[in-house]
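Data block below; observations after.
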Amino acid sequence: MSEQYVSTTEKASRGVRQRLAETDQPLFLYGAFLLLIIGFTVANPLFLTAGNLLNILNQTALVTIMAAGVALVIITGEIDLSVGSVLALSGVSAALFMNNFGQNWFLGALVGILVGASVGFINGILTARLLIPSFLVTLGMLSIARGIALIMTGTAPVLVTNATFWSVFAETPFLGIPAPIVWTIVVIIIVWVLLHFSVFGRRIFATGGNLDAAKFSGINTRAVKISVFLISGALAGLAGVIVAARGHAIRPDAAAGIELDVLAAVILGGTSLFGGKGKIYGVILGSLIIGILNNGLVLMGIDPSIQLTIKGALVIIAVAFGRR
Amino acid sequence: MSEQYVSTTEKASRGVRQRLAETDQPLFLYGAFLLLIIGFTVANPLFLTAGNLLNILNQTALVTIMAAGVALVIITGEIDLSVGSVLALSGVSAALFMNNFGQNWFLGALVGILVGASVGFINGILTARLLIPSFLVTLGMLSIARGIALIMTGTAPVLVTNATFWSVFAETPFLGIPAPIVWTIVVIIIVWVLLHFSVFGRRIFATGGNLDAAKFSGINTRAVKISVFLISGALAGLAGVIVAARGHAIRPDAAAGIELDVLAAVILGGTSLFGGKGKIYGVILGSLIIGILNNGLVLMGIDPSIQLTIKGALVIIAVAFGRR
Amino acid sequence: SSGAGDGPASSDDPLTAITASSLTPTEVLGTGPLGEKSATVSSSELSAADLASIKAKSIKVGIVMQTMDIEWSTEQVRGIKDQVGALGGTVINVCDGQWDTTKQTACIDNMITQKPDAIISIPVDDVSMAPAYARVSEAGIKLIFIDNVAKGLKFPSQYQGMVTSDNQGNGAFAAAALAKYIPKNGVVGILDFGVDFFVTKERMRGFQAWMKDNRPDITVKVHEFQDPSKAGDDAANFLTANPDVQGMFTEWEVPAVGIITALRGQGKTLPITVVNVASDIALDLASGGMVKAIGAQRPYDEGVAEANFAGRAIIGSTNPSYLAFPAEPFLRNNVLSAWDDVYKSAAPSAIQDACKSGICGPAK
Amino acid sequence: MINQNGPVEPLLSLRDIVMRFGSVQALRGADFDLLPGEVHGLLGQNGAGKSTLIKVIAGVYKPTSGTFTIDGVEQQYSSPRASRDAGISVVYQSLSLIPSLTVAQNLFLGIEPTTLGIVNTRALNSRASEFLELHKLPLRPEQLVSSLTFAYRQLCEIGKALVKDARILILDEPTSSLSKTEEPILFDAVREATAKGIGVIYVSHRLSEVFELTDRVTVFRDGNNAGVFNTADVTIPQLVEVIVGEKLAKSVSTGGTSLSVRPPIAADASVALELSNISNDVVKGVNLSIRRGEIVGLIGSIGSGRTELLESIFGVRKLKSGTIRCDGRDVVIRRPQDAIGRGIKLVPEDRHSFGLVVDHDIESNTAMAMLPLLRSFNFLFKSAESKAFATKIVTDLKVKAPSTSTKVNKLSGGNQQKIAIGKWLGSDTKVLLLDEPTAGVDVGARADIYKIIIDLADQGTAVLVCSSDYDELLQLCSRFAFISDGAIRASADRSQVHEEKDLHQILEASREELPHV
Ligand SMILES: Nc1ncnc2c1ncn2[C@@H]1O[C@H](COP(=O)(O)OP(=O)(O)OP(=O)(O)O)[C@@H](O)[C@H]1O
Ligand SMILES: Nc1ncnc2c1ncn2[C@@H]1O[C@H](COP(=O)(O)OP(=O)(O)OP(=O)(O)O)[C@@H](O)[C@H]1O
Ligand SMILES: [Mg+2]
Ligand SMILES: [Mg+2]
């Protein structure tokens, strides 16, 4: 036989250039990432202080947590626009539950996450069973969840007075790391294992890669889609709990419009909107790049209108740069 | 490397059977549409008066005009999130141009539309030439265009004093029909002919239906994509001109967030986010349904939080209903 | 670094012994659209004759707000609805402009379609909403403005009254309260809404004018933000870049919550003063947190006044062209009574609990 | 054995073409000549570089090096549009139709009849209709391509190439899903073209076709020429030898009737699959039972409902009535998942739509169908085992790929098909449903696949196979069922059938008995 079918040497000798061309965004994102860090540090040495880095991580925690869930949804070829509203509804539910049923911090958080998961479940059912495009389902849900949060609260903030709740979800530093960052790390690890090391992860990729082929391979694609929506909802619920703990209160209009940030983080991280492709570390990088831009430009003391312009341009440049 | 043609029949192969199962949304949308009209008329007879219907058309004009352009982009398999910001930038440019260069209404409008077209052109180049996902390109542009509008105006509204400009784009009724509606009709007719009767329209469908196949058939898919982004930008520019004429002034933060309404109209009208599929009358119906919901719920005197909830639910129900 | 973390403990809090009203301006600072001085609050009360003829008309009123997602709007609407009801009329509708001129224009047009006797509205923008508001009088409908008058509209032909609170006065109060915490030649930071918006600019003007006149030694650093939902991040980043800041002011409660959250995240405390009360910042104030003073509006009372203005306009009586409610100062020592003034109801139990030691003074 | 062209100038001539994809060298200095009016067969194993050469000619790829002339004029173009303008018309191996457009719109894509930029729809449809009639293509102009099954799409694709006035017509495995009934449509069109002086390049793994149609053949091996022959001067065994290399040739069956006939299955073997009167919108009252170890061939022409019958068993299509019994027990199969759970597996005819995730690597694809077996702690994915399985498939089926982490869309068509089959080989199979299992697979690998199928049957798997390649059915099956219009009209044992002609005759005869046709 003249051909070597699988040869490890050939694999090893594959050109770096080709590997770069083949891999999806994240690899190059490291470059963009480093350049940003260097640039901002030169502009303001305060940027690269431990305090400020924790600052950035703390600020990106919410987006990262939600982006991890939304990335799963997008990898199955669907989309979730409802996370900002779900965050508010979950946070409000947790707070109201605690205020009305005995101030148990654990039950309160559980209720918040379960409310998020339930909304996600409904999104999933409507998408996977009734075959309504998820864009419309979750756009509708964006209104519904927000509306319910506003109705439940009469538009007023809901107070959170349980100090354990505050400290578990927002304050107690664990090894000097604030709680939201710890939660982010926990979420990232779970989603990372789920997506890249579990059988369920394989199903997610297959479902988004080619829905029909996945079905023909015996994958219950409906269950997969419903599950990812549920996870995305539950993580938005966790984000809501964190917001409620941070503010010692939550407003029903919290996190309005955050879905665009979350989507930006996911897509910037190399996840394809067409499904079947994505990496969790890409999502983290995407989210961090956005967080760094927000932080660095403010540290440079730039006018917000100009900040907005530069931020938009840098997002495009970061990606363009990776396409070379 | 000429790897640009790496054959992925991804989109072609995506859910062929599922697409078969999908009904053409617009057809059923007629049903949802009629039900809404009947429901609202019963709830408040004022709904079905000529005055109120003109009202609705006038209010949906902006979304319809922009949705027509965005639909073209989506049919090629791309997306345009920047239209709201482009609207503002174009409107502001038109107003500033008139204020600084002799108050010529025609040149002002031309500048507005050209600014929109140029931004669209840039979106197109970045997407089609640099192969940056259009989601990120136009998300970045959403920030950039808004930022520039804010910088140009110092965040303050810009006055429009030219009465001809007002009347051509916002006021003079033509056969009793207000100008924005007339402009909408003009746009719809042009885009309708373009999409459904012209060679260019075929190329749009082919590009979004199967990018590789379109290339193999000798279609310059880059040119097609650049053109649709340009059209979308120009129409957002026209919308900006109308907003400036209506308000006798335009704020640099005008129409923030309108992209979600525009996308909702497009998708509700049966355009597939995966490209290759869509009808202009669907877009009109989608846009009208949203307009009718906004108008009808207000006429029923429902509390705004409840309105929000109902609107979200009705969007989902309208589509679910069509899937039966 | 600086004295940020070791701000005055509550026992020797410089505001403990101060009467809130001593920090507020003696008269309304803000002036009306024509530069006029505010009418008195009592000018909004109806005469018996007016009351009778309004009741005879069973008036219909429409409301068009800038947003309905915040408590301030809800309270305004509640005040209007209660009073319109008391006048024997009905509020036919509330429309939410969702912070967007195009959406608010649609609201106005939809409202005109329903032919109420009067519309009460707060413009999202006073300039580019003007043509839409001009259509209200053309349709023979009376128009009462909240907070801001659309540019170019004529009183009393195109609108028949404007009710607001003294935003400049509230800004001045917040400045006076904050200054108590700032040592000589100290630094304060302002988290300023970086978009041209009438009400926030007024508060900013009041704050800065007070500082310039009374504490010129203090350096004021201004940080602009444009997205209120990210104000907390902006505050955190601003405070990182400016560690010398010893106190913060911001123009309404949403960015204030952002500042508190940011400071907690950084493990720091700073005195904060703000305009516009809400339960979350009131709780922080009552429990001796970072919020030291709130210059409040009285949205419910304003709503009542607006309803009265509308009633008067409908029967053809004249209203004052401009009525501003004086600042309602909140310090820790008067939280409960000030709450009653604003909300007409007892403070939430969490605030009451925080006030148990009697530190917040008596309720009304 | 090289043909001397004499005075005839080649229409198309490629010299020393090198084409690299990263480190993969698809063409290593290939030469190729096409004369006017000839049908030139292009043969070679899977991954030999045939499709790559065609894409170079079509302007899809710009070759890494080499020269390329049309009518002696050197060409520099590198876009499909330029090649089209140069008079080249191509049927690609993986279809290139726009599903959301109609047949007529696809046929005339890019060359629509227009007035002032507006498409003249009536002219478009009437021209399409004339054209379809002229070439006896069983398609309607206004049908949406997305509503066509694979074979019809292939016909549409062929039509799309024929509709242009080309000087060079290139067909890359155009008949992989067409049956004997439709082949003449294509062959007639090709002959008509050559009569006009058009040069035709014809790629196929069906050697019988090649002999029927071509004047000359070029054989590729590993990106290089292995020889150019006048078709009349060679025999099938000789060609096979050139294609696969001499050593392998002996083990490769060369078609015809010389092979061993698979014996009928013992009558007492238990029935693995029994269909009783199953019906839905396409399938009409089918009764069929397959014993363990039996290989049954399903024979029908295009549109007869073969694919639909397999899909109905597999749970893709809902049954209106009838029952399916598996191992003697009634089973309800609502979706593929249920079928797979009972050990019923389907290799679909349209691998791109239903068989593979072409954007994913080989390993993900081979793992996809056996995830429950690759699970540890009920949750984690056994990555090492999955890699081992993928490597085994790649080795056993001779998939030409740099590694198991190569993306499937970088593989040649035949190698993709091997993955589509291979992915089912990791778990126990009771019933194997095969729809055109060797479409695009070269003669060498085909023998391997036959061996695998026969081994599975010997271990007790029941096999139902659809194929348009009767030779394949003769080699595999012990029994045949003839289907037309969704119903089984006849059946025959292998012993009753001696050559391809017999199958054809039985099918025709069974169709004539149709009451309403
Ligand atoms: N886009 C690509 N990227 C990387 N490698 C490729 C690409 N396209 C083809 N190849 C490789 O080039 C070689 C030749 O492929 P080609 O498709 O030309 O084979 P073929 O002769 O047409 O085979 P088949 O008979 O299976 O269709 C194969 O090894 C294939 O894996
Ligand atoms: N011209 C046509 N276009 C589209 N569908 C057709 C046409 N003629 C028949 N059909 C439908 O397609 C069904 C089956 O087509 P299909 O091609 O899948 O059958 P098949 O027997 O599997 O043949 P093949 O495998 O060769 O495609 C027919 O039963 C019929 O309902
Ligand atoms: Mg090939
Ligand atoms: Mg078939």
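Quick note on labels: first sequence line is chain A, next is B, and so on, each numbered from 1.
Contact of the A/V298 side chain with the C/H223 side chain is registered, since non-hydrogen atoms from C-beta on lie closer than 4.5 Å.
Ranking A/D303, A/L299, A/I250 against chain C, the residue ahead of the rest is A/L299, based on heavy-atom pairs under 4.5 Å. When each of A/N44, A/L46, A/N52, A/N55 is scored by its heavy-atom pairs under 4.5 Å with chain C, the top score falls to A/N55. Interface remark: of the candidates C/D233, C/T74, C/T261, C/D233 forms the most heavy-atom pairs closer than 4.5 Å to chain A. Ranking A/A249, A/P178, A/P157 against chain C, the residue ahead of the rest is A/P157, based on heavy-atom pairs under 4.5 Å. Ranked by heavy-atom pairs shorter than 4.5 Å toward chain C, the options A/L297, A/L54, A/N294, A/D253 are led by A/D253. Considering only heavy-atom pairs separated by less than 4.5 Å from chain A, the leading option among C/S279, C/G289, C/A241, C/S229 is C/S279.
For A/A156, the parts sitting under 4.5 Å from any heavy atom of chain C are the backbone and the side chain alike. In this structure, no portion of A/N99 lies under 4.5 Å from any heavy atom of chain C. Only the side chain of A/L308 comes within contact range of chain C, with heavy atoms under 4.5 Å apart. C/L283 touches chain A through its side chain: at least one heavy atom from C-beta onward sits under 4.5 Å away, while N, CA, C and O do not. Heavy atoms closer than 4.5 Å to chain C are found in the side chain of A/L150, but not in its backbone. Within the 4.5 angstrom heavy-atom criterion, atoms from both the backbone and the side chain of A/N295 approach chain C. For a residue to count as touching a neighbouring chain, one of its non-hydrogen atoms must lie under 4.5 Å from one of that chain's; by this rule A/S305 touches chain C with backbone and side chain alike. Both the backbone and the side chain of C/E224 come within less than 4.5 Å of a heavy atom of chain A.
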**Message:** Assess the residue pair C/D69 and A/R146 against the criterion (salt bridge (Lys or Arg N to Asp or Glu O under 4.0 Å)); give the C-alpha distance rounded to whole Å, side-chain angles, the decisive distance to 0.1 Å, and a yes or no.
**Reply:** CA-CA 9 Å; C/D69 290 356; A/R146 181 73 65 189; 5.9 Å; no

**Request:** Apply side chain to side chain contact (heavy atoms under 4.5 Å, CB included) to A/R251 and C/E71, showing your working.
**Result:** CA-CA 9 Å; A/R251 296 172 165 270; C/E71 199 179 8; 5.9 Å; no

**Request:** Assess whether side chain to side chain contact (heavy atoms under 4.5 Å, CB included) is satisfied between A/L159 and C/I351, documenting all intermediate values.
**Result:** CA-CA 9 Å; A/L159 299 175; C/I351 295 180; 4.2 Å; yes

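Scanning both residues, A/N58 and C/G265, for their nearest heavy atoms gives ND2-CA, 3.7 Å. Pairing each heavy atom of C/A350 with each of A/T161, the nearest pair is CB-CG2, 3.5 Å. Between A/T155 and C/M68, the shortest heavy-atom distance links the atoms CG2-O, 3.3 Å.
Side-chain contact of C/N237 with A/Q59: a donor-acceptor pair under 3.5 Å is present, judged by distance alone.
Here the side chain of C/R264 pairs a donor or acceptor atom with the backbone of A/R246 at under 3.5 angstrom.
Summarising the local packing, CE of A/M300 is surrounded by 12 or fewer heavy atoms from other residues, nucleotides or ligands at distances under 6.0 Å.
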